[in-house]
Amino acid sequence: MPAPTLSDKRWSIDLEKRIQEAHTEDPQVYARRYAFNPESNKEFFVIDTPPPYPSGTWHIGAVAQYSMIDVIARSQRLLGKEVYFPWGVDRNGINIEFTVEKNTKRKMKTYDRAEFLEMCKTTIEEFTQAMRKTARRVGLSCDYDREYLTDSPEYRTVTQSIFIELFKKGAIIEDLRPNIYDPVEGTTIADAEVERLPRRTKLIDVQWTCDDGTEIVISTTRPELICACGVVVVHPDDERYSHLVGKRIQLPMPVDGRETSVEIKTHPSVKSDFGSGVLMVCSFGDQNDVAVFRELGLTPFQAINLEGRMTELAGPFAGQTVLEARAAAIEHLESEGRLVNVVEREQEIPVSERGKNPVEIILLKEWYVRQTHTQDRIKEHADAMEFHPPRNKQFLIDWMDNISIDWPISRRRWYHTEIPIWYCDDEDKIIVPPTGMYVQPWCESPPEGSQVLDRSSREVLGDFSEMEKDLGTIVGEEKVFDTWMDSSNSNLFVSGYLNHPDVFEKAFPTALRPQGKEIVRTWLYYTLLKSTLLLDQPGFKHVWIDGLGMDPWGRKMSKSLGNGIDADSVLECGAGGRTGSWKVKGPDKTVSLRANKIGSECFRLWKACDAQVGDDFHINPEEIEKKYFGVLTKLFNVARFASQFEVPDDLDTCPDGLAVEDEWILSEFQATMETVQKAWANLDIYTATQALKTFGTGVLPSHYLEMVKSRLYDEDTNAAWTLHRVVRDFMSAFTPVCPFFTHHVSSTIYDASAVDVDAFPQQAHPEVAMGTEKGDALRALSSTLQTFNGDTWGYKKEQGISLNQPVSGVEIPKSLEAFTAILTRMHSLE
RNA sequence: GGGUCUGUGGUCUAGUGGUUAUGACACCGCCCUUACACGGCGUUGAUCGAGGGUUCAAAUCCCUCCAGACCCA
């Protein structure tokens, strides 16, 4: 008997690494396999890969999600689609600015702008390198040659051009509105960037005096904002105060440049049972204040400036920070005898997601994307898209139901895409660059081809070059865009919008948006908003929303909890004989986890098999190895066993005279393959992988291989044909999950890599397909056959006979009559 | 405080009204059998989060509560 062509004794991480490295060695081979060919006649399948944000280490949960996106990419190639699996890196944003500030211990705004941008660029490039390496290691079959960076001129051009397009359409407006503002970082932020943290705050009761001398108590946590108080309100049904409504009440704090009293009015948002039931409404303590000001038509006061300090409105407290002013206000009220009571309590206060700084609401002139008018339309488009799993669509609907204000998109930061606008002296005209050009208005003049627009009507007034001399001094916009303004163009960008119109026509709506559920309210929502405003179309055909990677106890992984697991440590576990160990802080104590070998293939197999899409998944390296490495070992050994028998010249044509057991396993295999093909088409990774695993580790080795072993040793060509055909097609169908594994097996034994297969394997033996009389009859025997084998093994064991010894007294069931000869030989029945 | 989702042996998981609730890992027991002991076979082990309801029949539908996750106020 010839030696197995699959020479390694077993599947190992070192073997895996060798294959992986060889896989990416030749750029031409790689490109032929995985690059997107826009000329192709095949159906396009464009994936709007979430561009990762490089921040040093890559979260293991995110790597798990990306590996599943790769499974989808590869399975679509297997189904014959022209897949574009882009590799993008999201590099704009406040995070990298923070990193540079931290590294140099110097605030951004103390730098020269150009110098600071250069430092951000250098730093983020280092992080990006590490990420590219991990992406290749885990087998992401991205088109790396077409890598896009969201901070590149190319990408930023698209963001700027889309902005101008939307502005001309009236979907973007400029307005003076209350904005959520981070005074520490000095920038506006959006609703979606606010989070809440518990803090201890003082709730103080302050005595106010009405013009008629009545004294009432008002509770507040923000006494420093009394100077911005526009009205005092009570609930319309609150009889305690009905006699005061319409009267004026004195502000208990000194103010400058405004009236010293306000009117008492009614408003239904007041909670009568909170404190005294009287509320002071300031511009702007919180979102409710904003709403009341708007509803009552009041003119807001500006109490806090852009540096987070009190304005002149605060009289003697002007110039103090918010916190200083608050302490001073309490002191002042106490000395005036107006401080009735102070209670310390825990309160959730809004802070900025990135800087964790308490945010203020400040009146600012900013740019907005209009969104409140178009929610119904977005919903209609959302209904046209297929969600995986369907229930996760609810995250989007919930968020949309909560939207009440437009999206502020301008930011007072630097390492972001610039707002492409110049302002003219008269404040009525603005200048925008031509489509397809990246501009930096803070340091450049308008380029050739720029247009002059009316600032409010958005009408094109003429060419900049012709009007230049009459425009006076021109000032470039210094503000930049919210990073989501860039990110929400990703599907347009990868589908060819602006740059490749002919591709775009075929590629849009983008086939797939895969993402985590935690960014539905930002990335998914903003993308759909853009598709609706710009093109009035659904952004995607499929939206695939995965759960989050959690620690082994089901908690979110975070630096502060100390329960994180580094992706590379899992992928490298077992390489060079080095085992992996992780110290993870559990709820009670720190637990030490160990594993001998995991690697990318086992890791991918685990994620594909262990959790349905959309569910949060627990990441425990010990379990990944225990549950799934054995599967690889098993499949490898089946292939290795097969590899010692000669491969028939023509694997594609089914030979005549197959034995009944050959036809039986082919009927089982075809049923499995049918399930797998449907599952791949439905982006259902779990079902496809489970079906393959069950077949490949169960019925194939335990029953078929045992049955035909003797025939194989006797060089029976039909048995060899059946086994090789099954193994070859199995590897093709399994290649999306374990590409390196199947590549190695298939190219070694069959001289053709499974990763190159671009059509789902045809039925080996159509006569026994699903729904055929013969096939169904054979499959109906499967459980009897397996039970009989099990019983016979059990009986031998009971009798103390080893499995290869002859045994007598075993009856073959009538229904298995056709298998009599092979079963007799298999079990040495007498 | 509100919304959404989730809750099945020790762990993970299948199962959207109908036999005895699926499978994997772990545990325990047996077995070196010419691919594989990083293997094979088998045995234990679940009142399906708790309680109530609808039904001839509930893990599955409804209600209440509890726990977790995500989001919001």
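Below, chains carry the letters A, B, ... as their sequence lines are ordered, and counting in each starts from 1.
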Worksheet item: For A/Y525 and B/C70, what is the distance between atoms OH and C1' respectively, to the nearest whole Å?
Response: 19 Å
Worksheet item: Between atom NE2 in A/H618 and atom P in B/G68, what is the gap in whole Å?
Response: 13 Å
Worksheet item: With sugar-phosphate meaning primed atoms plus P, OP1 and OP2, does A/S702 contact a base, only sugar-phosphate, or nothing at under 4.0 Å between heavy atoms?
Response: sugar-phosphate
Worksheet entry | Separation of atom CG in A/L6 from atom P in B/C36, rounded to whole Å | 13 Å
Worksheet item: Atom CG of A/L705 to atom C1' of B/U34: distance rounded to whole Å?
Response: 14 Å
Worksheet item: Should the ring pair A/Y526 and A/W407 be called parallel, tilted or perpendicular, given that the plane angle runs from 0 to 90° and is split at 30 and 60?
Response: parallel
Discussion item. Any salt bridge linking A/K607 with A/D546? Criterion: basic side-chain nitrogen under 4.0 Å from a carboxylate oxygen.
Written reply: yes
Discussion item. Any base atoms under 4.0 Å from A/K634, or only sugar-phosphate, or nothing? Heavy atoms, all strands.
Written reply: base
Worksheet entry | Presence of salt bridge, A/R779 and A/E668, under 4.0 angstrom | no
Worksheet item: Roughly, in whole Å, what's the span from CG in A/D551 to C1' in B/A69?
Response: 12 Å
Worksheet item: What is the ring orientation for A/H542 with A/H388, classed by angle as parallel under 30°, tilted 30 to 60°, or perpendicular over 60°?
Response: tilted
Practice prompt. Report, as yes or no, whether the 6.0 Å neighbourhood of atom CZ on A/R825 holds more than 12 heavy atoms from other residues, nucleotides or ligands.
Written response: yes
Fill in: Nearest-Å distance for atom pair CG/P, residues A/N637 and B/U33
17 Å
Worksheet item: So what does A/E622 hit on the nucleic acid, given a heavy-atom distance under 4.0 Å: a base, only sugar-phosphate, or nothing?
Response: nothing
Worksheet item: Between A/M550 (CE) and B/A67 (P), how many Å, whole number?
Response: 17 Å
I'd like a table of atom pairs between the protein and nucleotides 13-17 of chain B - only N or O on both sides, under 3.5 Å - with the distance next to each one.
{"from": "B/U13", "atom 1": "O2'", "to": "A/Y686", "atom 2": "OH", "distance (Å)": "2.6"}
{"from": "B/A14", "atom 1": "OP1", "to": "A/Q612", "atom 2": "NE2", "distance (Å)": "3.3"}

Practice prompt. Specify whether A/F669 and A/F695 have parallel, tilted or perpendicular ring planes, treating 30° as the upper limit for parallel and 60° as the lower limit for perpendicular.
Written response: tilted
Discussion item. Need one value for A/R640: base, sugar-phosphate or nothing, where a base atom within 4.0 Å counts as base even if backbone is also close, heavy atoms only.
Written reply: sugar-phosphate
Practice prompt. Kindly assign one of parallel, tilted or perpendicular to the pair A/H744 and A/W11, based on the angle between their ring planes and the thresholds 30° and 60°.
Written response: tilted
Worksheet item: For A/I545 and B/C70, what is the distance between atoms CD1 and C1' respectively, to the nearest whole Å?
Response: 12 Å
Discussion item. Could you tell me the Watson-Crick or G-U partner of B/U55, where both distances fall under 3.5 Å? Say none if there is no partner.
Written reply: none
